[in-house]
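Okay, handing you the structure first.
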Amino acid sequence: MSLDTCAESLRAHDPDRFGICLLAPPEARPRLLTLYALNLELARAPLASAEPLIAEMRLQWWIERLEEIGAGAVPSHELLGPLAGAWGAQAAGFAALAEPRRRDAAREPHDGADAVVTYVRETAVPLALFAAEALASGSGIGTGGFAPPDPRGIFGQERSTEAAYVIAQQAEGLGLAAWLAALPSLQGLGLGLRDPSPQVLADLAGRARGRLGEARAGRRAVSRQLAPALFPSAAVGPVLAAAPQGIDDLAALPGPSEFRRRLALGAFALTHRWWV
């Protein structure tokens, strides 16, 4: 998978992150494209088979290949090759994006809002922090590498530590909104909620608003260089408004049109306003 192929895959299956890559500085694009393309493959891997053991083996294959890159291997794989070229040994840390998805292989629904928040925190937050590190490269912001247990450890400077915390809050809020948007489909896959009641959905929507509010309050800590890592989907507002009404309202909610997507990206390109 060349960088062009990564871009086409994102354009088709993850258009919001494809838009982020277009807005990023050219020097950051190889890292972002390969990171987001990998994330897409890791999300698909445990769903490739209805047999839990086979699904987990597919996910484990990616983890082992990432570890090999960390040990210095340069694979000829269509995605892992460009990934290794863009990130080098640091790509081994991307196993942090894969580990939480092991539960997806088992097709087990979540037991309440707390379980969903934990899942989103373990998947969406590391991805956003890695994206921020890609954007920080060459920007003069010191980086100390990614440490999954403490998202604030991604940057070396005190100011940047605060920025990483804000990014984590934004990522969790946006991740919860994205999970709610996908919930009607997730229910059919056995990956939704055991109790998808309006009360639970309202709780999740409220938590998402809380995280986004914290990020908005700390927005001055985030430089314009890192802003693309925090770009919200045009669907966030409608999803959080519909969630308390129940899963049927979420299912009936139309996705943002291409016009709305382009309008949101255009507004961001002009203002760099990412807060919700």
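Bear in mind that the values here come from a model prediction, so they are computed numbers and not experimental data.
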**Prompt:** To the nearest 0.5 Å, what is the distance between SG (C6) and CZ (R29)?
**Reply:** 14.5 Å
**Prompt:** In Å and rounded to the nearest 0.5 Å, what is the CG to NE2 distance from D195 to H110?
**Reply:**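 Going from CG on D195 over to NE2 on H110, the span is 13.5 Å.
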**Request:** Decide yes or no for L22 and L265: does some side-chain heavy atom of the first lie under 4.5 Å from some side-chain heavy atom of the second?
**Result:**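 No, every pair of side-chain atoms sits at 4.5 Å or beyond.
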**Prompt:** Is the closest side-chain heavy-atom distance between Y36 and F18 below 4.5 Å?
**Reply:** no
**Prompt:** Going from CD on E51 to CD1 on I54, what distance comes out if it is rounded to the nearest 0.5 angstrom?
**Reply:**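 Between E51 CD and I54 CD1, I get 5.5 Å after rounding to 0.5 Å.
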**Prompt:** To the nearest 0.5 Å, what is the distance between CZ (R11) and CG (D4)?
**Reply:** 10.0 Å
**Prompt:** Do you know the tightest heavy-atom contact between P109 and L193?
**Reply:**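 Heavy atoms of P109 and L193 come nearest at CB-C, 3.9 Å.
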**Message:** Using 0.5 Å steps for rounding, measure from the CD atom of E108 to the CZ atom of R102.
**Reply:** 14.0 Å
**Prompt:** How about L204 and V117: do any of their side-chain heavy atoms sit closer than 4.5 Å?
**Reply:** yes
**Prompt:** Just checking, is any N or O donor in the side chain of Q170 or R219 under 3.5 Å from an acceptor N or O on the other one?
**Reply:** no
**Request:** For residues 194-229, pull every pair meeting ring-ring contact (aromatic ring centres under 6.0 Å, His included), keeping only residues two or more places apart or in separate chains.
**Result:** none
**Prompt:** Hey, does P228 have a side-chain heavy atom less than 4.5 Å from the side chain of F268?
**Reply:**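 They are in side-chain contact.
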**Request:** Please check if any side-chain donor atom of Q90 sits under 3.5 Å from a side-chain acceptor atom of R31, or the reverse.
**Result:** yes
**Request:** Answer yes if the side chains of Q60 and E56 hold a donor-acceptor pair under 3.5 Å, and no otherwise.
**Result:**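 Result is no, nothing qualifies.
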**Prompt:** Do the side chains of L240 and V276 get nearer than 4.5 Å, heavy atoms only?
**Reply:** no
**Request:** Run the numbers on L189 and D104 for side chain to side chain contact (heavy atoms under 4.5 Å, CB included), then give the verdict.
**Result:** CA-CA 9 Å; L189 294 171; D104 294 346; over 6 Å; no
**Request:** Would you check if V200 and S197 make a side-chain contact, meaning some heavy-atom pair closer than 4.5 Å?
**Result:** yes
**Request:** Determine, step by step, whether I167 and V125 satisfy the side chain to side chain contact (heavy atoms under 4.5 Å, CB included) criterion, reporting the C-alpha distance in whole Å, the side-chain angles of both residues, the deciding distance to 0.1 Å, and the verdict.
**Result:** CA-CA 8 Å; I167 292 168; V125 171; over 6 Å; no
**Prompt:** If you draw the axis of the six-membered ring of W62, does the NZ or CZ of R58 fall within 45° of it and under 6.0 Å from the ring centre?
**Reply:** no
**Asked** Taking only residues two or more places apart in sequence, or in another chain, which ones meet D248 in a side-chain hydrogen bond (donor to acceptor under 3.5 Å, both in side chains)?
**Response** none
**Asked** Taking the side chain as C-beta and beyond, is there a heavy-atom pair between N39 and T123 under 4.5 Å?
**Response** no
**Basic-acidic side-chain contact under 4.0 Å: R211, E214** = no
**Prompt:** Hey, are the side chains of W274 and V222 touching, using non-hydrogen atoms and a 4.5 Å cut-off?
**Reply:** yes
**Item:** Considering all heavy atoms, the nearest E122-P100 contact
**Value:** O-CG, 3.4 Å
**Item:** Separation of R207 CZ from L212 CG (nearest 0.5 Å)
**Value:**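 Rounded to the nearest 0.5 Å, the CG-CZ separation comes to 14.0 Å.
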**Message:** Under a 3.5 Å distance rule, please check whether Q225 uses its side chain to pair with a backbone N or O of L135 as donor and acceptor.
**Reply:**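 Yes; at least one donor-acceptor contact below 3.5 Å.
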**Request:** Over all heavy atoms of both residues, which pair between A37 and L10 is shortest? Give the atoms and the distance, please.
**Result:**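 Closest heavy-atom pair between A37 and L10: N-CD2, 4.0 Å.
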